[in-house]
Visitor: 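Provided herewith is a single structure, encoded as structure tokens, for subsequent inquiry.
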Amino acid sequence: MNQHLLFDRIDEPGLNTIPVYEKRGGYGAMRRALAMPPAAIIEEIKQSSLRGRGGAGFQMGQKASFLPQGEMAKYLVCNADESEPGTFKDRELMQKCPHMLIEGIVITTFGTGIHHAFIYIRGEYQLQAQILEAAIAEAEAAGYLGENILGSGHSLKLVLHRGAGAYICGEETGLLDSLEGKRGNPRLKPPFPAIEGLYAGPTLVNNVETLSTVPTIINMGGAEYAKIGTEGSAGTKLISVSGDVQRPGNYEIELGIPSREIIYGLCGGPRPGREVKMWFPGGSSSPVLLAEDLDLPYDFDTLAKAGSMLGSGAIIVVDDSHSALEVARKVTKFYSHESCGKCVPCREGTNWTHKMFARIESGEATPMDLDIVASVQNQIMGNCLCVLGDAMAMPIASIVAKFRAELEAEIEAARERANALPLATLPQAIPVGAH
Amino acid sequence: MSSLDRRPPVRRYEHGSRVPGWDEAVDLTKPPATVPDPALTPVPQELRERIEQLMAQYPNPKSASIPALHLAQEHHGWCSPEAIAQVACVMRLTPAYLTSVASFYDMFALTPKPKHDVYVCTNITCSLLGADEFYEHMCAAAHGHADIGVRGFECLGACDIGPMASVNGEYVGPLNEDDAQRIVEDLEAGRPVLEHKQLRHRAVADPRGRVAEWSGIDPVGQEGSA
Ligand SMILES: Cc1cc2nc3c(=O)[nH]c(=O)nc-3n(C[C@H](O)[C@H](O)[C@H](O)COP(=O)(O)O)c2cc1C
Ligand code: FES
């Protein structure tokens, strides 16, 4: 239960340098891996059943095995864009233990026969970029990066690439376009990056935390790692807890522990006198859950079954001092600002949803507007080029469904404030879709 | 006469479009800009060298456009037409292409910007914790200081210290009303900003990640004060 693999004494001073990292066994996994047949490395990762930590939860070993075999221009891209609201775990990893990520990248590229890797870090993370830059230079000087690493014959060029502020560049194909020096517009899939990604070459895209877990898997053995956590959700997960809790921050948990233990046990729950009103279990893109869901085990499958998702592992807690409207409006504002504008359902859907919530606030809305908001979310889901549109539609649809009564009261109250006609005096409108 | 001809006339602007200001950035009487001529586009030596180094890092040098724009913005203070032309000249791209790239990303300024950037996060977590009020205080405190630009920003990835801000890239939080004034004072005095609230000095929240030697900020010591 007390598994602590990534965060173990991560505050140790100097851990961002090789000597301290090596004193605790760092780069040992890399040495062992370089002596293994590459296919055996991918096999260990498959056996660990490690699921991607960036949001989609796709098994890393499986994704790596989609890459074509043999010598060709293939790429590894580490997704360090971390822009999902509520998420800040990769920040702590990169800032305090950058060599774990570098070690994971060396092992993964050796297993997949990749010689060119990039870390795409969001432009706002300046401190973390400086630390990573220094760590890469240190690893190059030590011979852990570059030509013929430790005499293994494996060569790797690792480049840190700074973004410039765009949420959509976290989406893997938007990220690839941005890394190619373009506007970060997502691409139509398929082809998936594993077949045709960066510079049209096969590309493995993985999150910082996913890659940082690879050394642990090599050290423990995949089968042993798979025993941590639950059957469908192996391992430990870094979670970022924020909002109305007394001890916000990053924690490492074993997947499958009760959500209450996280929100109340680790984080102290809302301030005295306040109750949990709703919580986002996996970043602002995940459908909200209520206080009655607090006993759900925190793992991929349980949260999916409960109609939400684990996403990036970012828990945002909202207590009863906030209105559902306030939350919905903030969430929609973000997505309408960040929509790249390439596809219509997302560009128009996010924008109009945001305007509809503004209408509610200004007292112009009627409950029928909630039906329209719900139907717009329905039209967005599954109809966009990438899932940015869905990322707004999912939480908003859940807020409208779960807090309908409160939102209606809010509409009435706002109408009163704006001196609009009381709802009861309006002619009955026909709900959307009821023909 | 077809029914189309009977439609009411659409109001158009002088330039023929219904969208006001769509051509503000261009002069339609000029020929389209091509890749700048190196003989006519002086580029500071250091900037040129650093952009060339960046280009050499990638299988396709065009990948360097965003990092190169960062450098040019640092050098010129904003992505001015001159800055864009210099990057375009070194990278052999058109200024129009680079302008289209720069306009996509929040961190590039295509109009002159103040020297100091204060990004106040006003996204979901921070706003639950009072970011919108802090943003007002910050704007008020910076009022009259032409070299300080305050901007509301989307989640900066530090919700644990919300409400928070990034001051010239330095993350600080949790912030209260008084901190707005302190930020302005520290910036004007050229001091490190709100040193006791910088994220870089903060210990991890997870107790098992902590060590006794940590000399920075202990978030547990601040429990409830955020
Ligand atoms: C709109 C959007 C934003 C995303 N942002 C991020 C991000 O900031 N960081 C990240 O690792 N993955 C992000 N993802 C997920 C990536 O597309 C991709 O699934 C992930 O990087 C794969 O790595 P993993 O398998 O290791 O999780 C985002 C996806 C979408 C649709
Ligand atoms: S919401 Fe403000 S930093 Fe994430």
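As the structure is a prediction and not an experimental result, all values here were calculated from the model. Chain letters run A, B, ... following the sequence lines, proteins first, then strands; residues in each count from 1.
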Visitor: Please look at A/Thr87 and chain B and tell me whether the side chain, the backbone, both or neither of the residue comes under 4.5 angstrom of a heavy atom of that chain.
Guide: backbone
Visitor: So for B/Ala64, is it side chain, backbone, both, or neither that comes closer than 4.5 Å to the heavy atoms of chain A?
Guide: neither
Visitor: Do the side chains of A/Leu198 and B/Ser63 get nearer than 4.5 Å, heavy atoms only?
Guide: no
Visitor: Check this for me: does any side-chain nitrogen of one of A/Arg91 and B/Asp160 sit under 4.0 Å from a carboxylate oxygen of the other?
Guide: yes
Visitor: Check whether any side-chain heavy atom of A/Glu12 sits under 4.5 Å from a side-chain heavy atom of B/Trp214, and report yes or no.
Guide: no
Visitor: Would you mind checking which part of A/Ile168 comes under 4.5 Å of any heavy atom in chain B, side chain (CB onward), backbone (N, CA, C, O), both or neither?
Guide: side chain
Visitor: With only heavy atoms counted, which part of A/Asp319 is less than 4.5 Å from chain B, the side chain, the backbone, both or neither?
Guide: neither
Visitor: Counting only non-hydrogen atoms closer than 4.5 Å, does A/Val327 touch chain B with its backbone (N, CA, C, O), its side chain (CB onward), both, or neither?
Guide: both
Visitor: Contact part of B/Leu128 toward chain A, heavy-atom cut-off under 4.5 Å: side chain, backbone, both or neither?
Guide: both
Visitor: Which residues in residues 96-123 of chain B have any heavy atom closer than 4.5 Å to a heavy atom of chain A?
Guide: B/Tyr97, B/Ser100, B/Val101, B/Ser103, B/Phe104, B/Tyr105, B/Asp106, B/Met107, B/Phe108, B/Thr122, B/Asn123
Visitor: With sequence neighbours excluded, tell me which residues meet side chain to side chain contact (heavy atoms under 4.5 Å, CB included) with A/Ala117.
Guide: A/Leu76, A/Ile105, A/Thr109, A/Leu156, A/Leu158
Visitor: Which one of A/Glu180, A/His116, A/Lys157, A/His161 satisfies the side-chain hydrogen bond (donor to acceptor under 3.5 Å, both in side chains) criterion with B/Tyr58?
Guide: A/His161
Visitor: Under 4.5 Å from any heavy atom of chain B, what part of A/Tyr167 do you find: side chain, backbone, both or neither?
Guide: neither
Visitor: So which heavy atom on B/Val204 is nearest to which on A/Lys96, and how close?
Guide: N-NZ, 3.4 Å
Visitor: Are A/Glu338 and B/Glu154 side-chain neighbours, meaning at least one heavy-atom pair lies under 4.5 Å?
Guide: yes
Visitor: So, B/Ser65 side chain and A/Gly181 main chain: donor-acceptor pair closer than 3.5 Å or not?
Guide: yes
